[in-house]
Amino acid sequence: MTATQIPDTTRAELDAALQRAADAAEPFGEQAPAERARQLRAVADALDAAAGELIPLARNESHLSEGRLTGELKRTTFQLRLFADTVEPGDHLRVTFDRADPDFALGPKPDLRRMLLPVGPVLVFAASNFPFAFSVAGGDTAAALAAGCPVVLKGHPGHPELSVRTGEIVAEALRSAGAPEGAFSVVLGFDTGTDALRDERIKAAAFTGSVPAGRALFDIANSRPKPIPFFGELGSLNPVFVAPGAVAARGTDIAKGYVTSYSGNAGQLCTKPGLLFLPADHGLEGALAEESAAVASHRLLNERLHEGYCGRRSVVTDVPGVRVLADGASGSAEDGAAPTLLATDVDTLLANRDALLEEVFGPLSIVVTYTSEDEARRAAEAFEGNLTATVHAEDSDTDFVATLLPRLRERAGRLLFNGWPTGVAVSHAMQHGGPYPATTDARFTSVGTAALDRFLRPVTYQNVPASLLPEPLQDQNPWNIPQKVHAAG
């Protein structure tokens with residue numbers, strides 16, 4: 001079945017949603033952290049209670065399994081509660097005092113009080129491949145709400161019915177928990193999204209999707225008369241390098257793990273390993289081909305993605321010097337796609353960078369052989385920015401790893417050792433971002449509690465009378481949040 005046809009948001013409806021968000025910005029941003037935490041938990045509870053309604057909607061529109069969607073909804077409500085736990089104490093505001101000091105070494109120092117404030121209404125573009133966790137109530141929405149920013153959510157056309165219903169549940173939960181009207185709304189339509197991005201009432205935007213779409217939106221955000229931050233997660237190849245010692249010690253297990261990682265969810269994950277680098281004498285082609293051929297076809301999220309996958313697959317398989325180990329050729333979108341596994345060497349890869357070093361969104365990956373540490377190093381240096389880079393190695397591979405890690409660190413936001421990049425923990429220390437084109441700003445993450453930093457900005461109050469200071473900066477500390485005080489002297 002195809003996605004339900006729901007009319008795009010009209011210009012008048014968009015204008016009303018943007019104005020409600022603008023009107024809500026001040027009262028929502030001034031709420032105490034404990035109040036906002038309570039509202040986030042209310043949203044999580046409401047989504048959990050609606051699982052029986054939402055999961056069938058998601059299955060119908062995304063072709064994902066009930067088990068996958070059940071786990072994804074659990075992740076979604078978990079991260080809402082994690083953000084609630086994170087902001088409730090108030091230390092995310094980073095309140096810092098410098099007391100006035102007439103005897104300061106550089107001359108009299110004024111009373112300085114610094115804190116982080118929400119940036120204002122945030123436009124979030126929902127992703128197609130995670131209809132819950134990176135969509136209406138996903139990580140970007142949770143982070144922005146946790147920071148105190150109203151959210152205008154541009155729904156993805158791949159699951160409009162789910163988007164509208166989820167949006168209704170989120171908005172009602174926030175209202176019932178005391179959030180101001182306009183703290184959250186859902187809008188639909190391609191032009192709706194770009195119109196909202198250009199509107200001066202939007203103060204920041206977040207996006208997960210393709211490089212062309214993300215770059216176009218990034219350029220709009222930066223070409224506004226008053227540019228705004230645009231946090232885009234775009235494309236990533238997620239290379240995996242396997243050292244000789246690791247092949248000798250556990251080559252068969254590596255082959256199985258790799259196929260599971262690149263073919264899982266039909267390869268429709270931003271962390272899918274797009275290339276596996278193996279020593280030339282690895283002897284694993286048979287195992288890799290057999291494991292790949294055993295994976296059944298899976299229907300992709302929508303017809304547009306299927307067409308894009310087939311087009312990119314043709315480009316890559318037509319490169320001279322690229323061999324097919326597992327032929328997952330696909331016909332119609334209804335037939336789905338089976339894993340396609342290709343093989344080549346470093347010289348061919350470097351000679352055909354435009355074709356081979358571009359993400360293929362779907363169940364395709366390339367095994368690349370290297371003949372020396374120098375070749376592996378040159379391959380690592382060929383990559384642009386990535387979300388992840390992985391190394392499989394044993395103690396005997398210390399020199400190999402020491403050569404690679406500095407080069408991979410320059411090009412990735414998360415470095416993995418003896419694991420697989422698919423699966424991103426929602427936690428305090430997670431970094432889900434990397435140099436362009438992985439993301440538009442490598443300093444930030446879109447997964448984990450640090451994601452709310454994107455939607456906060458610092459303000460310092462200098463010699464402001466106590467009666468005019470916001471609650472977090474008052475000496476009596478009515479919110480009872482952490483205050484770091486640097487006394488005079």
Side-chain angles (χ1 to χ4, degrees), residues 1-3 58-69 71-72 127-131 158 210 235-240 251-278 282 284-319 321-344 349 355-369 390 420-423:
M1 297 178 66
T2 58
R59 288 194 68 190
N60 179 56
E61 293 186 313
S62 71
H63 315 304
L64 296 172
S65 70
E66 181 176 353
R68 152 69 196 271
L69 291 167
E72 189 185 327
S128 64
N129 57 336
F130 283 87
S210 68
S236 188
L237 289 165
N238 308 302
V240 177
T252 301
D253 289 341
I254 288 172
K256 292 180 179 179
Y258 163 63
V259 173
T260 298
S261 188
Y262 93 79
S263 65
N265 294 282
Q268 298 172 113
L269 300 177
C270 56
T271 51
K272 180 201 76 176
L275 298 106
L276 177 72
F277 290 86
L278 292 170
H282 61 82
L284 295 175
E285 281 197 0
L288 289 165
E290 183 178 347
E291 292 289 335
S292 296
V295 179
S297 296
H298 192 289
R299 190 172 178 182
L300 300 189
L301 291 163
N302 55 62
E303 197 165 319
R304 180 183 59 82
L305 286 176
H306 183 89
E307 292 174 356
Y309 168 72
C310 291
R312 281 287 296 131
R313 182 186 180 280
S314 295
V315 170
V316 174
T317 54
D318 286 345
V319 172
V322 171
R323 298 179 292 114
V324 177
L325 299 183
D327 189 355
S330 177
S332 68
E334 289 74 17
D335 295 333
T340 292
L341 184 63
L342 308 176
T344 191
L349 179 77
L356 302 182
L357 291 180
E358 180 182 334
E359 182 183 24
V360 180
F361 195 73
L364 181 149
S365 195
I366 307 173
V367 176
V368 184
T369 55
T390 300
W420 301 102
T422 41

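Atoms considered below: every heavy atom in the structure, side chains included; atoms not considered: hydrogens, waters and symmetry mates.
Looking at Lys272, its side chain does come within 3.5 Å of a backbone N or O of Gly362 through a donor-acceptor pair. Of the possible polar contacts, none joining the Asn129 side chain to the Leu301 backbone as a donor-acceptor pair under 3.5 Å is found. Under the 3.5 Å distance criterion, the side-chain polar atoms of Ser261 are left unmatched by any main-chain donor or acceptor of Gly257. Side-chain atoms of Lys256 never come within 3.5 Å of backbone atoms of Ala287 as a donor-acceptor pair (strictly under, hydrogens ignored). Thr340 places a side-chain N or O within donor-acceptor distance of the main-chain N or O of Gly328, the cut-off being under 3.5 Å. Within the 3.5 Å criterion, the main-chain N or O of Ala355 finds a donor-acceptor partner in the side chain of Arg312.
One distance of note links SG of Cys310 with CG of Leu305; it measures 11.0 Å at 0.5 Å rounding. With rounding to the nearest 0.5 angstrom, the CD atom of Glu285 is 5.0 Å from the CG atom of Leu325. With rounding to the nearest 0.5 Å, the separation of CG in Asp327 from CG in Leu342 is 9.0 Å. Taking OG of Ser62 as the reference point, atom CD of Gln268 lies at 9.0 Å (rounded to 0.5 Å). Once rounded to the nearest 0.5 Å, the distance linking OG1 of Thr252 with CG of Leu288 reads 9.5 Å. Taken to the nearest 0.5 Å, the CZ atom of Arg59 stands 9.5 Å off from the CG atom of Leu64.
Here the closest non-hydrogen pair linking Ser236 and Cys270 is CB-O, 3.8 Å. For Leu269 against Phe361, the heavy-atom pair with the smallest separation is N-CE1, 4.0 Å.
Counting heavy atoms from C-beta outward, Leu349 and Leu275 have side chains that approach closer than 4.5 Å. The closest side-chain heavy-atom distance from Val295 to Pro363 is not below 4.5 Å. Inter-residue side-chain proximity for Thr390 and Asn238 is flagged as unmet; no heavy-atom pair is nearer than 4.5 Å. Looking at heavy atoms from C-beta onward, Leu276 lies out of side-chain contact with Tyr262 at the 4.5 angstrom threshold. Within the 4.5 Å cutoff, the side chain of Leu69 has heavy atoms near those of the Glu72 side chain. Here the side chains of Pro421 and Pro273 are in contact, with some heavy-atom distance below 4.5 Å. Between Val316 and Val360 there is a side-chain heavy-atom pair separated by less than 4.5 Å. With contacts defined as side-chain heavy-atom distances shorter than 4.5 Å, the pair Leu356/Val322 qualifies.
No option in Leu341, Val240, Leu284 other than Leu341 meets the side-chain contact (heavy atoms from CB on, under 4.5 Å) test with Tyr258.
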